[in-house]
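Here is the structure we will look at, set down as structure tokens.
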Amino acid sequence: MIRLGLCCKFKDEPIRFRTTTATYLLRISRDEACAKLSALCLANTQALRQAIEYCAAHGIGSFRINSQILPVKTHPQAGYDIANLPDGDAICAGFLAAGERAREQGVRLTFHPDQFVLLNSPRPEVTERAIADLAYQAAVADWVGADVVNIHGGGVYGDKPSALARLVATIQALPAAIRALLTLENDDRSYTPTDLLPVCRQTGIPLVYDAHHHRCLPDGLSTAEATVAALTTWDREPLCHISSPKHGWDGPDPRPHHEFIDCADIPAGWRDLDLTVEVEAKAKEAAIAGLRATLLRDRWKLWEAK
DNA sequence: AGCGGTCAAGTTGAT
DNA sequence: ATCAACTTGACCGCT
């Protein structure tokens, strides 16, 4: 059974996550900043609840939660603790309630911290901030029952073996609560599945296999071989990513994502697996609706809510 | 209401 | 040196 996943936001459906900026928060008083943050965070718990309901009702079995669900959470000056916000209790309750609904309906929840979260930088302050961000997202993940916090391998810094060794060492030293949710994903610049699989085996971290990235940065493995190898790293339902190139595979740059998914880009070998496929397409829920229709026409077995 | 400028953060590679 | 890409344009403040 294939579980299609929506990433972070909606195109047409009026479900919106709110955010703000550190610059603005630092210009107003701390009380005003806390009031604003409190309202945004509370609104985001409600948007998350709506997102889960929408997914369950539309055959979308997984939802990726935006890193800014708690805006500016770990900023050195503008950051905050939920407990210190006026609606702190309601925000916690909102996350727990959203998680409960996700569990009831069988909707999987994931996180994908952004490009600044690097576990192998030679600069210790970069890695420290990355771990702080992972800690925050892992904590919210626990509240809502998300089982994946997915990041990339990071930079190469002119020496890939050293960078990979730092990655392994940092992962091994992570708090258990983060390590239990952490996954690594092949990217389209630096780290292929072949680069990351040894890291995953050494650390017990699953590999999120991104077929689009793999085609942009190949390593000699076929998509079928990489899929099989990635599956062996999982102790939960495996997670893969799919997208189609905006300008086609023969265009100037295959990396930017298309509005929709071309079914021909989905590895045929995925058909009979139990797998979450996060759909990275600009048209969001509209892209999933189109993909679902095509796959159902072709008799793929797709997830449905309980 | 509309619109232009701004936004915390890292790294890479194309131009 | 600048910029786009990466999981995502949203929001503030002025007109």
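Scope of the values below: all heavy atoms of this structure, side chains included, with no hydrogens, waters or symmetry mates. Chain A is the first sequence line, chain B the second, and so forth, proteins listed ahead of strands; every chain is numbered from 1.
- For the C1' atoms, the distance linking B:dC7 with C:dT8 amounts to 13 Å, nearest Å.
- In terms of phosphate contacts, A:K36 brings no side-chain nitrogen or oxygen within less than 4.0 Å of OP1 or OP2 of C:dC11.
- Ring planes of A:F95 and A:W143: tilted class, angle from 30 to 60°.
- A:E280 comes within contact range of the sugar-phosphate backbone alone, with a heavy-atom separation under 4.0 Å but no base atom that close.
- Considering only side-chain atoms of A:Y24, the nucleotide from B:dG10, B:dA9, C:dG13 that sits closest is C:dG13.
- Base engagement by A:C8 is indicated by at least one non-hydrogen atom pair under 4.0 Å involving a base atom.
- The aromatic ring centroids of A:Y191 and A:H152 lie 6.0 Å or more from each other.
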(request) With pairs defined as Watson-Crick or G-U wobble and both distances under 3.5 angstrom, please note down DNA chain C as a dot-bracket string, | for pairing with another strand. (result) ||||||..|||||||

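- For the OP1/OP2 pair of B:dT11 and a distance below 4.0 Å, the side-chain nitrogens and oxygens of A:K160 include no atom meeting the criterion.
- Of the residues in residues 241-263 of chain A, those lying under 4.0 Å from DNA chain C by heavy-atom distance are A:R255, A:P256, A:H257.
- Residue-level contact check: A:H212 touches neither bases nor backbone, having no heavy atom under 4.0 Å from any strand.
- Of all nucleotides listed (C:dT8, C:dC11, B:dT12), C:dC11 comes nearest to the side chain of A:R18.
- Between A:R129 atom CZ and B:dA9 atom C1' the separation is 6 Å, expressed in whole Å.
- Spacing between atom CG of A:L37 and atom P of C:dC12 amounts to 11 Å, rounded to whole angstrom units.
- In summary, the side chains of A:R255 and A:H247 do not present any donor paired with an acceptor at a separation below 3.5 Å, with no hydrogens or angles considered.
- If you take CD of A:E278 and P of C:dC6, they are 16 Å apart, rounded to a whole angstrom.
- The CG atom of A:L118 sits 16 Å away from the P atom of C:dC6 (whole-angstrom rounding).
- Not a single donor-acceptor pair under 3.5 Å links the side chain of A:D87 to the backbone N or O of A:L42.
- For A:L119 and B:dT11, the CG to P distance is 12 Å, given to the nearest whole Å.
- In this structure, of C:dT8, B:dT11, C:dC12, it is B:dT11 that holds the atom nearest to the side chain of A:P122.
- A:R123 places its CZ atom 7 Å from the C1' atom of B:dG10, with the value rounded to the nearest Å.
- A side-chain donor-acceptor contact under 3.5 Å links A:W249 and A:D265.
- The minimum heavy-atom distance linking A:Q137 with A:F111 is given by the pair OE1-CD2, 3.5 Å.
- For C:dA10, neither phosphate oxygen OP1 nor OP2 lies less than 4.0 angstrom from any side-chain nitrogen or oxygen of A:R16.
- Lacking a ring centre under 5.5 Å from that of the base six-membered ring together with a plane angle below 30°, A:F116 does not count as stacked on B:dG10.
- Between A:Y157 and the phosphate of B:dT11, there is a side-chain N or O to OP1/OP2 separation shorter than 4.0 Å.
- Contact detail for A:S62 and A:R3: the closest heavy-atom pair is CB-CD, 3.9 Å.
- At a threshold of 4.0 angstrom between heavy atoms, the contacts of A:V156 are confined to the sugar-phosphate backbone, with no base atom among them.
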(message) Is there a salt bridge (charged side-chain N to carboxylate O under 4.0 Å, His left out) between A:E285 and A:K9? Walk through the geometry before answering.
(response) CA-CA 8 Å; A:E285 79 277 15; A:K9 61 187 304 195; over 6 Å; no

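- Of the listed nucleotides (C:dC12, B:dC7, C:dC6), B:dC7 has the atom at the smallest distance from the side chain of A:T21.
- C:dC3 and B:dT6 have their P atoms separated by 13 Å, with the value rounded to a whole Å.
- Taking the C1' atom of each, C:dC6 and B:dC3 are spaced 27 Å apart, rounded to whole Å.
- Using modelled atom types and a 3.5 Å distance limit, the side chains of A:Q172 and A:T203 yield no donor-acceptor pair.
- Close to B:dT11, at under 4.0 Å from its OP1 or OP2, lies a side-chain N or O of A:S121.
- The interatomic distance linking A:D188 (CG) with B:dG13 (C1') rounds to 11 Å, in whole Å.
- Counting any heavy atom pair closer than 4.0 Å across all strands shown, A:Q68 reaches a base atom.
- For the P atoms, the distance linking C:dA4 with C:dG9 amounts to 15 Å, nearest Å.
- C:dA10 atom P lies 10 Å from atom CG of A:N66, rounded to whole Å.
- Closest of all the heavy-atom pairs between A:R16 and A:A47 is O-CB, 3.4 Å.
- In terms of the side-chain hydrogen bond (donor to acceptor under 3.5 Å, both in side chains) criterion, residue partners of A:S162 (sequence neighbours excluded) are, by chain and number, A:D159.
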